[in-house]
Amino acid sequence: MSDSTLDSVAIRRDGEPNANATRAALHRLVPRGHKTYTPTQLVVRKAAGCRLETVDGARLLDFSSGVLVANLGHVHPEFEARYAELVDGVPRNCYNALSPLEPEAAERLVASLDRPQLDRVMWADSGSAGIIKAIWSAQHARPEKRIIVATRAGFHGKKGLAGDITGETSPNPNVRFISFPNDEVDDVSMLPDAESRASELAAPYVAELAALKAEHGDDLLTLVTEPYLGAAGSFHPPKWYLRLLSDWCAENDVVFVLDEVQSCHGRTGEMYAYERYGIEPDIVVLGKGLGNGAPIAATVGRAELLDSLEYGEASDTYSGNPHGCAAVTAALDVYESQPIVDNCREMSRRMQEGLASLRDEFASVANVRGEGLVWGVEMAAVGDATADEVANAAVLACYHEGVHLLGPLARKVLRVSPPLVITGEELAEGIEGMRRALRAIG
Ligand SMILES: Cc1ncc(COP(=O)(O)O)c(C=O)c1O
């Protein structure tokens with residue numbers, strides 16, 4: 001079912017001489033552990049909006065936004081112009097000096113977050129570094145407490161403490177995991193008996209939290225969760241779940257850290273997912289779309305927590321560099337002047353309809369889950385092919401039909417996450433491309 005191989009030779013594809021040369025050179029020079037495997041190994045030369053052009057001249061629609069990074073699309077004219085204006089003549093780094101771009105970006109970010117408790121900004125150079133700085137802040141502010149709670153099967157990055165709280169087991173003896181709803185949880189909020197249905201569904205999670213409290217009492221330091229589980233296969237929880245965690249943290253003096261590295265800046269149909277879920281984090285961690293492609297992340301939270309770190313305790317070479325800060329400000333300018341989040345909501349409805357039509361048409365599609373413009377299409381086994389094989393084949397078939405997807409999540413879930421600026425016509429074109437691809441793989 002696949003036209004590529006993943007072994008000791010670089011992937012080659014007929015009719016793609018330039019891409020093959022890049023793939024071979026990369027294979028020779030850059031260890032593959034440095035890359036995340038994608039079945040397509042797409043080689044991009046140019047990008048604009050939601051369009052990608054390969055080095056061999058093929059054009060594809062970007063249904064991935066990089067890895068949910070290019071929320072404003074590629075080379076957004078207003079973003080690029082504002083960014084260029086801000087960085088004109090500015091040094092590349094300000095490690096041992098200050099730049100006015102840094103407080104400007106911080107002020108704009110705090111204003112966009114619009115929560116009184118989120119009033120201190122600590123920059124980071126990746127999402128995982130932002131998560132680590134959030135945990136360090138909690139540890140410094142509450143040195144007498146040890147236990148870090150995380151939701152099972154979450155993804156917070158691979159480095160250090162962020163890696164320790166990723167997945168289902170941890171090498172760190174102070175980490176505990178609690179369950180995250182990952183089967184079909186119907187939204188009960190519209191039912192007449194919504195409250196009692198929600199408390200019935202919540203009961204096992206309440207029991208887990210009570211057991212943690214009974215075991216660790218005042219030793220509970222922080223709880224880190226995501227608005228939805230992305231890497232585990234796109235599982236989007238009912239609202240009562242995140243509220244339960246938020247309330248439990250407030251009642252037990254546990255620092256509530258919300259990992260919005262992926263969800264921030266409009267992805268869920270709200271500027272920040274905590275608005276959508278009606279929760280009040282003590283710290284939020286932002287990344288990916290924050291700089292619309294610039295490598296900058298941020299840990300934003302209560303002064304009482306973030307101010308507990310002394311000079312140098314959370315600094316590093318690149319964090320808060322002027323170019324990253326300029327990207328944050330330029331992106332926020334675009335969000336303020338254009339209806340990016342409104343467009344995401346409108347396109348979300350169309351995406352849901354489009355993906356549901358694929359689920360109804362093809363036995364290879366088992367399920368569709370998502371919100372805003374972050375969707376998962378879970379594939380099913382077909383004939384002799386496992387769901388994982390079907391998913392890989394679907395990614396490749398989409399590529400051949402001009403739709404660029406992320407490699408499967410959790411091996412069998414296609415991630416569909418176009419830039420938030422996508423138009424209705426582009427979205428329909430992408431869905432039709434997926435339809436042809438699914439037809440082709442049978
Ligand atoms: C929810 C979430 N948290 C943290 C991270 C880690 O970010 P980074 O890869 O920038 O370290 C990611 C990356 O995919 C993520 O999706």
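Throughout, numbering of the chain's residues begins at 1 and tracks the sequence. Ligands are counted one by one from 1 in listed order, and the atoms in each one are counted from 1 as well.
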Protein heavy atoms near atom 9 (O) of ligand 1, is at least one of them under 4.0 angstrom away? no

For [atom], what's the nearest protein heavy-atom neighbour? Residue, atom name and distance, please.
atom                    : result
atom 2 (C) of ligand 1  : Phe155 O, 3.3 Å
atom 16 (O) of ligand 1 : Gln262 NE2, 3.0 Å
atom 3 (N) of ligand 1  : Asp259 OD2, 2.7 Å
atom 13 (C) of ligand 1 : Lys288 NZ, 3.2 Å

side-chain hydrogen bond (donor to acceptor under 3.5 Å, both in side chains) filter on Ser234, not counting sequence neighbours, yields His236, Arg415

Taking side-chain hydrogen bond (donor to acceptor under 3.5 Å, both in side chains) as the definition, give me every residue that meets it alongside Arg142, ordered by chain and number, with sequence neighbours left out. Asp253, Glu304

May I ask you to check whether Ser128 has an N/O atom sitting below 3.5 Å from an N/O atom of ligand 1? yes

Using a plain distance cutoff, I'd like to know if Gly127 has any nitrogen or oxygen under 3.5 Å from a nitrogen or oxygen of ligand 1. yes

Measure from the side-chain N and O atoms of Lys46 to the backbone N and O of Thr54, and report whether any donor-acceptor pair falls under 3.5 Å. no

What's the shortest heavy-atom distance between Pro237 and Pro227, and which atoms? CD-O, 3.0 Å

I'd like to know if Arg152 and Glu168 make a salt bridge, using a cut-off of under 4.0 Å between side-chain N and carboxylate O. no

salt_bridge(Arg267, Glu260) N-O dist < 4.0 Å: no

Qualifying residue, where the test is salt bridge (Lys or Arg N to Asp or Glu O under 4.0 Å) with Asp282 and the options are Arg115, Arg302, Arg120: Arg302

Which bit of Glu226 is near ligand 1, meaning a heavy atom under 4.0 Å away: side chain, backbone, both or neither? side chain

Subset of ligand 1 atoms that lie under 4.0 Å from at least one heavy atom of Ser126: 10 (O), 11 (O)

